[in-house]
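Notes for the one structure printed next.
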2 protein chains.
Amino acid sequence: MDPHLLRTFVTVARTGSFSTAAQRLGYTQSAVSQQIAALESDLGLPLLHRRPVTPTEAGARLLDHAEPLLLRLRAARADVLRTAAMPAHRLTLAATPLALNPRLAHRLARARAAQPRLQITIRTCARDEVMRQVAVGEATIGLADGIAAPNDPLPPHDAAPLTTTGLCQEDLVVALPPDHPLAGRPGLRLADLVDARWLQTTLCPVRRLRHLAGDGFPVALDYTGDDVHTVLNLVAAGHGLTLLPASVGRGVPLSHPRLVHRVELLHATLPDGPAARLAADLS
Amino acid sequence: MDPHLLRTFVTVARTGSFSTAAQRLGYTQSAVSQQIAALESDLGLPLLHRRPVTPTEAGARLLDHAEPLLLRLRAARADVLRTAAMPAHRLTLAATPLALNPRLAHRLARARAAQPRLQITIRTCARDEVMRQVAVGEATIGLADGIAAPNDPLPPHDAAPLTTTGLCQEDLVVALPPDHPLAGRPGLRLADLVDARWLQTTLCPVRRLRHLAGDGFPVALDYTGDDVHTVLNLVAAGHGLTLLPASVGRGVPLSHPRLVHRVELLHATLPDGPAARLAADLS
DNA sequence: TCGTCTTACGAGAAGCGTAAGAATT
DNA sequence: AATTCTTACGCTTCTCGTAAGACGA
């Protein structure tokens, strides 16, 4: 179960070809063939069907494990190397699109004022990608948002053990098209909306709603981008409903169940220095 | 970052000696020395101080990552091999001491009656150990108990991705010595007891109480065993308080916050067979 | 017959053990 | 001086690439 073998196995399984995997990894087809053979003989099981190249049942199981494992390995390496990195005067902050809300943007400005020489690069990406980048050191600090019950943490990602700190919470509103029959209400219960059509977005994943409020919530449209204005436009055009933090969109307050939009700070164990200070200033 | 190197690193760091680690692992001291040197040169950092042998800061960080990583590797291997294991007519169930309560014992009996030829071995151990055994295949199925808010899952362990299913919940009581001033109350709030002295046990870890109900809960005595009767005796003798499921001990019902004793079923993806059927019968 | 995976074989590298050397207590 | 880690060196094993072979489409 050498990580190298695991990596080539993953590549072969995903590309469905020994040869393209080989050239992507800088090996010969032969080497890849031998590596897969080594893995299979180590486990005593075939992992791939050939022609076409497809994971066997055992291979599928291994595939589920291999990627998180490789990610954790990289995270471990990054974490160790971080201890030696000199306190940098520049750092990268990865954030989900809704994480850097007005309040946090303000806090960030104050924190930067306290460390004027600190160069910050901000990058927006999806939640999983934020976690991954922080874990493997591509970003120093992460901000991730999500929907949760008040004071509950967001669901953890198992990429690597990261320190997470709740930064702020704010009310949620149901974003509705202006001519929607419920648009005039003072407040809405989620239960009133289980049969409405919902937008599946990275900002408000319907899966999460189901987890928090039970089944239902049929998906009308799946939007995989991460642009808030686009989502607002889709809602206004009547493609479906979504939940947004009150500061972002006009909408009807969500009265029950009590759910909040929560932003969390993510980072690995930071050595003393500007990054640690920034993290402290944000929380 | 070869797992072999990681394993010897962990062993050296834990034993504090190259030589004893070597003989524990079946290597020469020389080999161990070379392995550590290889790891250090790969990362470009010293990981251990010598004489005495002690992790450096970077080494400590690596140590944090290495053990979960190795565990996941073993779990991955076990999971793959499980797909090939023929449906066995004997399996091992690992359970925490309070998990196999009357209701579940009953369900287990019914499930066994449905599969009379199935041989079951039951083993009791601590929660982390249950998870570990299920992950690496030393146990087929696990039962773990803990304290949680109603319908909330227990905190996950990141050894490996395991399927967890809530099996049952029951009320909690505060176990008090009979002559305790609060013993006559019809119900107790946890807030009334933040300043009482608590037993720290594996059955009711005080850390968990603090997480669920805020700070406080000073620890009077730490009991590392897992025997329920011993804990009851300690409570009766006035060493401290603890929470127990209502079916186990007499005590004052916990009225607020509403917390329950929850039992969860743990297993990896089970191939069709007696084990999968048992898991289904239990839930 | 072409594309693709497997096998055979040789060259190079890596890993371990023996044994001698250095450093600390 | 004794213990413990490091280094030198040779041997074995592993791994990769080249090249030829097998198997399907």
(message) For a quick check of understanding: with a heavy-atom distance under 4.0 Å over all strands, which category does B:Val53 fall into, base, sugar-phosphate or nothing?
(response) sugar-phosphate
(request) Let me know, please, whether A:Ser30 or B:Ser30 comes out on the 5' side of the other along DNA chain D by nearest nucleotide. (result) B:Ser30
(request) Check whether any side-chain nitrogen or oxygen of B:Gln35 sits under 4.0 Å from OP1 or OP2 of C:dC16, and answer yes or no. (result) yes
(message) Tell me if the NE2 atom of B:His4 is crowded by more than 12 foreign heavy atoms within 6.0 Å.
(response) no
(message) With a 3.5 Å cut-off and heavy atoms only, can you find an N or O donor on one side and an acceptor on the other between the side chain of A:Gln34 and the base of D:dG17?
(response) yes
(request) Look at B:Arg123 together with B:Glu138 and state whether they make a salt bridge at an N to O cut-off of under 4.0 Å. (result) no
(request) For D:dG17, take OP1 and OP2 only and decide whether either is under 4.0 Å from a side-chain N or O of A:Tyr27. (result) no
(request) Return the value, rounded to whole Å, for the distance between atom NE2 of A:His4 and atom P of D:dT15. (result) 11 Å
(message) What is the separation between atom CG on B:Leu39 and atom C1' on C:dG15, rounded to the nearest whole Å?
(response) 15 Å
(request) Specify the separation, in whole Å, of atom CG of A:Asp2 and atom C1' of C:dA14. (result) 12 Å
(request) Any chance you could measure A:Asp42, atom CG, to A:Asp2, atom CG, to the nearest 0.5 Å? (result) 10.0 Å
(message) Between B:Arg132 and B:Glu67 (salt bridge meaning N to carboxylate O under 4.0 Å), is one present in this structure?
(response) no
(request) Respond yes when some side-chain nitrogen or oxygen of A:Ser19 is under 4.0 Å from OP1 or OP2 of C:dC5, and no when none is. (result) yes
(request) Calculate the interatomic distance between A:Leu25 atom CG and D:dG17 atom P; express it in whole Å. (result) 11 Å
(request) Report the distance from atom CE of B:Met1 to atom C1' of C:dA14, rounded to the nearest whole Å. (result) 19 Å
(request) Using atom CZ of B:Phe18 as one end and atom C1' of C:dA22 as the other, report the distance to the nearest whole Å. (result) 15 Å
(message) Closer than 3.5 angstrom, by distance alone: can the side chain of A:Thr96 be matched with the main-chain N or O of A:Ala126 as a donor-acceptor pair?
(response) no
(message) Quick check on DNA chain C: between B:Leu5 and A:Arg51, whose nearest nucleotide comes earlier from the 5' end?
(response) A:Arg51
(request) Starting from C1' on C:dC5, measure out to CD on A:Gln23 and report it in whole angstrom. (result) 15 Å
(request) Could you tell me the separation between the CD atom of A:Gln29 and the C1' atom of D:dA20, rounded to a whole number of Å? (result) 14 Å
